[in-house]
There are 2 protein chains.
Amino acid sequence: MAGFLGQYEYQLDQKGRVSLPADYRRRVDDNRFVLLQWEPTHLTLFPMEAWAGVQTRMLELRRNDPAMSRLLRQITARAVEVEPDKQGRILIPARLKEAADLDGAVYLVGALDRIEIWDPARFDDAAPAPGDGSQELENAVYEIFG
Amino acid sequence: MAGFLGQYEYQLDQKGRVSLPADYRRRVDDNRFVLLQWEPTHLTLFPMEAWAGVQTRMLELRRNDPAMSRLLRQITARAVEVEPDKQGRILIPARLKEAADLDGAVYLVGALDRIEIWDPARFDDAAPAPGDGSQELENAVYEIFG
DNA sequence: CACTCTTACCCACTCTTCCCCACAATCACC
DNA sequence: GGTGATTGTGGGGAAGAGTGGGTAAGAGTG
């Protein structure tokens with residue numbers, strides 16, 4: 001099965017809820033996610049299945065590494081486990097909403113094994129038109145798609 | 001079985017749908033495709049079987065490489081999983097339609113393991129007459145057809 | 001215990017999307 | 001050349017999806 005794909009523009013309502021695309025919901029069976037911010041630009045929503053791998057890598061990397069341990073603590077402190085309501089919406093805690101500058105319209109972006117939640121302005125700024133990348137990256141893309 | 005071959009001119013109807021050539025449909029059994037834009041000139045339609053390999057390479061290459069991760073995010077955002085309806089048509093999202101400058105007539109072009117969707121004018125412009133390529137490319141052709 | 005604030009469930013409305021039926025043209029085959 | 005199946009194209013209607021808000025249950029606080 002293909003992973004999460006596409007870019008959807010949805011509304012964040014006054015209670016801080018966003019719908020998940022019905023297509024995404026159909027792809028996960030247990031309806032459990034972990035929402036967190038590990039990049040400054042956006043939030044990331046992991047299905048529980050993908051989260052398991054992340055968690056394993058975190059436990060390994062923080063072993064015997066105090067600096068890494070402190071960094072990961074800051075990330076996990078702001079992470080939440082979320083579950084969509086019967087209408088398929090998840091609640092975004094106020095802290096994370098502010099951290100990612102979300103309000104009003106948001107993009108839900110599929111990134112294969114995870115879903116990203118973006119402020120539309122930030123996402124569009126970050127978008128290189130196809131063909132704008134460096135030569136090195138261009139070549140890598142051809143390595144992927146052949 | 002030979003891969004996808006040929007060039008068909010079809011109509012994009014007012015709802016944004018295109019028929020797939022019946023010949024192509026017979027070549028895939030599960031009727032599931034991924035449609036995306038990874039080259040600026042056209043859209044690419046991967047049968048799920050071919051997509052699986054692409055996705056695996058994407059997951060590998062983006063690990064430990066933030067620049068690649070950003071680039072791939074923009075590509076997966078412009079992708080959709082599509083499934084032909086009972087008439088054998090797929091729906092092309094408005095965003096992709098505009099990105100590839102599609103409207104009215106389109107070409108469906110077979111490229112072995114994938115299908116490309118082109119604006120006819122762009123495709124004809126991009127066509128080199130046989131013999132126009134560099135010497136290096138000429139030689140490569142002889143390596144293939146020998 | 002009473003009060004407040006947050007969270008979750010439910011109902012209702014609107015709009016899009018997708019499913020299905022129908023026509024027309026083409027091709028294949030007797 | 002007629003006939004029937006297949007294929008591309010168009011459109012109507014029902015189911016589903018996104019959005020908003022009212023109300024009840026729960027957690028935290030004084």
Side-chain angles (χ1 to χ4, degrees), chain A residues 2 4-36 43 45 78-99 102-110 115-120, chain B residues 4-35 45 79-98 102-110 115 117-120:
Chain A
F4 299 105
L5 300 173
Q7 167 188 338
Y8 301 83
E9 178 170 344
Y10 282 170
Q11 293 299 319
L12 199 66
D13 69 19
Q14 291 175 349
K15 297 184 180 179
R17 302 173 295 186
V18 226
S19 287
L20 294 184
D23 173 47
Y24 290 177
R25 269 177 278 156
R26 277 189 286 266
R27 285 172 195 278
V28 295
D29 13 84
D30 64 349
N31 251 15
R32 292 161 65 232
F33 296 88
V34 170
L35 176 67
L36 56 83
L43 305 182
L45 185 66
R78 283 138 59 100
V80 230
E81 180 173 344
V82 296
E83 197 161 346
D85 64 14
K86 268 194 175 158
Q87 281 68 38
R89 293 175 288 198
I90 57 166
L91 177 69
I92 299 187
R95 211 171 320 119
L96 289 176
K97 230 173 59 183
E98 289 157 18
L102 301 178
D103 123 80
V106 299
Y107 282 169
L108 295 179
V109 181
I115 300 159
E116 298 180 347
I117 303 178
W118 285 78
D119 168 48
Chain B
F4 300 107
L5 300 173
Q7 167 187 341
Y8 300 82
E9 177 170 345
Y10 281 169
Q11 292 299 319
L12 199 66
D13 70 19
Q14 291 176 350
K15 295 186 179 179
R17 302 174 293 187
V18 225
S19 287
L20 294 184
D23 172 47
Y24 290 177
R25 268 178 276 157
R26 276 189 287 267
R27 286 172 195 278
V28 296
D29 13 85
D30 65 348
N31 251 17
R32 291 161 65 232
F33 296 88
V34 170
L35 175 68
L45 186 66
V80 233
E81 181 172 344
V82 296
E83 197 162 344
D85 62 15
K86 257 190 178 168
Q87 283 66 39
R89 293 174 290 195
I90 58 166
L91 177 70
I92 300 188
R95 193 160 18 92
L96 291 178
K97 233 173 55 185
E98 290 158 18
L102 301 178
D103 124 79
V106 299
Y107 282 169
L108 293 179
V109 181
I115 300 159
I117 303 179
W118 285 78
D119 168 47

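- Here D:dA17 presents its P atom at 14 Å from CG of A:Asp85, a figure rounded to the nearest Å.
- Put simply, CD on A:Glu9 is 16 Å from C1' on D:dA17, counting in whole angstrom units.
- Put simply, CD on B:Glu81 is 17 Å from C1' on C:dT17, counting in whole angstrom units.
- Between the side chain of B:Tyr24 and the backbone N or O of B:Leu5, at least one donor-acceptor pair lies under 3.5 Å.
- Taking 4.5 Å as the limit, some side-chain heavy atom of A:Arg89 sits within range of a side-chain heavy atom of A:Ser19.
- Nucleotide C:dT17 holds its P atom 13 Å from the CG atom of B:Asp13, rounded to whole Å.
- Salt-bridge formation is not detected for the pair B:Asp13/B:Lys15: no Lys NZ or Arg NE/NH1/NH2 atom is positioned less than 4.0 Å from an Asp or Glu carboxylate oxygen.
- For CG of B:Asp23, the number of neighbouring non-hydrogen atoms (other residues, nucleotides, ligands) closer than 6.0 Å is greater than 12.
- Few gaps surround CZ on A:Arg25; more than 12 heavy atoms of other groups in view lie less than 6.0 Å from it.
- Nucleic acid contact class of A:Leu108 (heavy atoms, under 4.0 Å, all strands): none.
- When each of D:dG18, D:dG8, D:dG11 is scored by its nearest atom to the side-chain atoms of B:Gln14, the top-ranked nucleotide is D:dG11.
- Note: NZ (B:Lys15) to P (C:dC15) measures 17 Å, nearest angstrom.
- Among the heavy atoms of the strands, none lies under 4.0 Å from B:Ile90.
- Atom-to-atom, CG of B:Leu20 to C1' of D:dG8 comes out at 12 Å; the value is rounded to the nearest Å.
- In this structure, the side chains of B:Lys97 and B:Asp103 stay at 4.5 Å or more apart for every pair of heavy atoms.
- Map B:Tyr8 and B:Arg17 each onto its nearest nucleotide of DNA chain D; the residue landing nearer the 5' end is B:Tyr8.
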I'd like a table of atom pairs between the protein and nucleotides 21-26 of chain C - only N or O on both sides, under 3.5 Å - with the distance next to each one.
| from | atom 1 | to | atom 2 | distance (Å) |
| --- | --- | --- | --- | --- |
| C:dC21 | N4 | B:Gln87 | NE2 | 3.1 |

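- For A:Lys97 and C:dT6, the NZ to P distance is 11 Å, given to the nearest whole Å.
- The base-pairing partner of C:dA24, taking Watson-Crick or G-U wobble contacts with both distances under 3.5 Å, is D:dT7.
- Rounded to a whole Å, the CG atom of A:Asp23 is 13 Å from the P atom of C:dT17.
- One finds a salt bridge joining A:Arg27 and B:Glu81 here, because a Lys/Arg side-chain nitrogen approaches an Asp/Glu carboxylate oxygen to under 4.0 Å.
- Mapping A:Arg25 and B:Ser19 onto DNA chain D by nearest heavy atom places B:Ser19 closer to the 5' end of the strand.
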